[in-house]
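First the structure, in the form of structure tokens, and then the observations on it.
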Amino acid sequence: MWSLGLLKTMKDPKYMVFSDTKIVMIKDMYPKAEHHFLVLPHEEITNLKKVTEKDIPLLEYMFEKAKQYTSKHFPDVEFKFGYHAQPSMHRLHLHVISKDMNSEFLKNKKHWNSFTTEFFMNSSDILRQLKTSGKIKFPSAAECELMMKRELKCHRCNLVFPTIPKLKQHIRSHRAD
DNA sequence: GTTCTAGAAC
DNA sequence: GTTCTAGAAC
């Protein structure tokens, strides 16, 4: 089953960039930016929906290790850290992705909107919610569907583009900024 | 999650 | 005619 693919990838030395007793950090097999990693716990947490107050220390640890890794290896690159509201793959995974969004693997509207709308839930927001209310507020399935269908808007300058190829061409032009 | 491809959109 | 999207995958 394809949705179990991450469980195999997280054991593959070819993709692993860091691991310890609690977590594994891997390269995303289909990076949606110039740098894109995933941080996964060894603990069998299926997804963000299963996360509760008791997992706060683990989520903080994942976030801290991700920040340590990127600041050490890519001190000049800006990253964002967060979770998809409706992940496709099993095992909780924190996306660690550079803000360029420039990648040959970014091919469709869902790819784009899953990282540039509220579908992407920042790690710091998730932790704040867990600490203040003990739970996480998710967008509904209908809201997620609408977010995925949203217009293609540049995350840097808010310009709107009619197609993915036009958007991608524009995104590349921001690299020289 | 990706690949493939029919047919919509241009 | 070509580009591009969107839905099936047994």
Side-chain angles (χ1 to χ4, degrees), chain A residues 1-19 23-51 55 58-59 62-63 66 69-70 79-123 126 136 138-174:
Chain A
M1 184 59 170
W2 59 262
S3 61
L4 301 175
L6 279 183
L7 303 181
K8 188 181 281 185
T9 311
M10 67 187 283
K11 294 175 193 155
D12 189 339
K14 187 163 170 281
Y15 291 98
M16 193 182 295
V17 297
F18 172 84
S19 79
I23 62 165
V24 174
M25 185 164 175
I26 60 174
K27 293 182 192 172
D28 191 297
M29 208 179 275
Y30 301 93
K32 304 305 187 297
E34 291 179 16
H35 308 283
H36 186 181
F37 304 94
L38 304 175
V39 180
L40 311 95
H42 291 297
E43 192 181 338
E44 290 182 22
I45 302 173
T46 305
N47 58 45
L48 196 60
K49 297 248 158 78
K50 303 283 184 192
V51 165
D55 301 310
L58 177 63
L59 264 65
M62 290 163 64
F63 191 20
Y69 184 86
T70 54
F79 282 85
K80 55 182 183 179
F81 308 85
Y83 301 85
H84 279 160
Q86 238 176 26
S88 305
M89 308 291 276
H90 283 212
R91 186 56 57 89
L92 179 68
H93 53 283
L94 171 65
H95 285 275
V96 178
I97 184 166
S98 56
K99 292 184 179 178
D100 52 85
M101 297 306 291
N102 176 44
S103 164
E104 59 175 305
F105 297 104
L106 202 157
K107 295 176 177 175
N108 59 47
K109 188 173 255 190
K110 184 170 182 184
H111 289 158
W112 182 256
N113 284 334
S114 68
F115 288 100
T116 60
T117 67
E118 313 87 83
F119 190 87
F120 189 86
M121 303 171 75
N122 283 307
S123 177
I126 295 290
I136 303 165
F138 290 96
S140 69
E143 285 169 327
C144 286
E145 201 175 330
L146 284 175
M147 288 188 260
M148 293 302 94
K149 289 180 175 168
R150 218 125 90 186
E151 60 192 359
L152 296 169
K153 185 187 281 187
C154 174
H155 61 312
R156 294 211 189 275
C157 67
N158 289 339
L159 267 177
V160 174
F161 293 86
T163 66
I164 286 283
K166 296 237 166 56
L167 171 70
K168 291 188 65 165
Q169 183 180 31
H170 167 80
I171 291 308
R172 285 193 293 274
S173 76
H174 274 303

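The chains referred to below are lettered A, B, ... by the order of the sequence lines, with proteins before strands, and numbering in each begins at 1.
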Between C1' of C:dA9 and CH2 of A:Trp2, the distance in whole Å: 11 Å
Would you say A:Lys32 places a side-chain N or O within less than 4.0 Å of OP1 or OP2 belonging to B:dT2? yes
Nearest to side-chain heavy atoms of A:Lys107, which nucleotide of B:dG1, B:dT3, C:dT5: B:dT3
Surrounding NZ of A:Lys27 (heavy atoms of other residues, nucleotides or ligands, distance under 6.0 Å), is the total greater than 12? no
How many Å lie between CH2 on A:Trp112 and C1' on B:dG1, as a whole number? 19 Å
Rounded to the Å, how far apart are A:His36 NE2 and B:dG1 P? 10 Å
For B:dT2 and A:His111 - does any side-chain N or O of the residue sit under 4.0 Å from the phosphate oxygens OP1/OP2? yes
Pick base, sugar-phosphate or nothing for A:Ser3, based on heavy-atom distances below 4.0 Å to the nucleic acid. nothing
Would you say a side-chain N or O of A:Lys110 is under 4.0 Å from OP1 or OP2 of B:dG1? yes
Nearest whole Å is fine: how far is B:dG1 C1' from A:His93 NE2? 9 Å
With a 4.0 Å cut-off, would you call A:Glu43 and A:Lys50 a salt bridge? no
Spacing between A:Asn108 atom CG and C:dA8 atom P, to the nearest angstrom: 15 Å
A:Phe105 CZ to B:dT3 C1': how many Å, rounded? 13 Å
Considering every strand and a 4.0 Å limit on heavy-atom distances, what is the contact class for A:Pro165: base, sugar-phosphate, or nothing? sugar-phosphate
Residue pair A:Ser98 / A:Phe79: nearest heavy atoms and the distance that separates them: N-CD2, 3.5 Å
Rounding to a whole Å, what distance do you find between A:Lys166:NZ and C:dT3:P? 11 Å
Check the angle between the aromatic planes of A:His84 and A:Phe120 and answer parallel, tilted or perpendicular using the 30° and 60° thresholds. perpendicular
ring-ring contact (aromatic ring centres under 6.0 Å, His included) with A:His95: of A:Phe37, A:Phe115, A:Phe81, A:Phe63, only one passes, and it is A:Phe115
When the distance from CD1 of A:Ile164 to P of C:dT2 is rounded to whole Å, what number comes out? 23 Å
Strand partner of C:dC10, provided both Watson-Crick or wobble distances fall under 3.5 Å: none
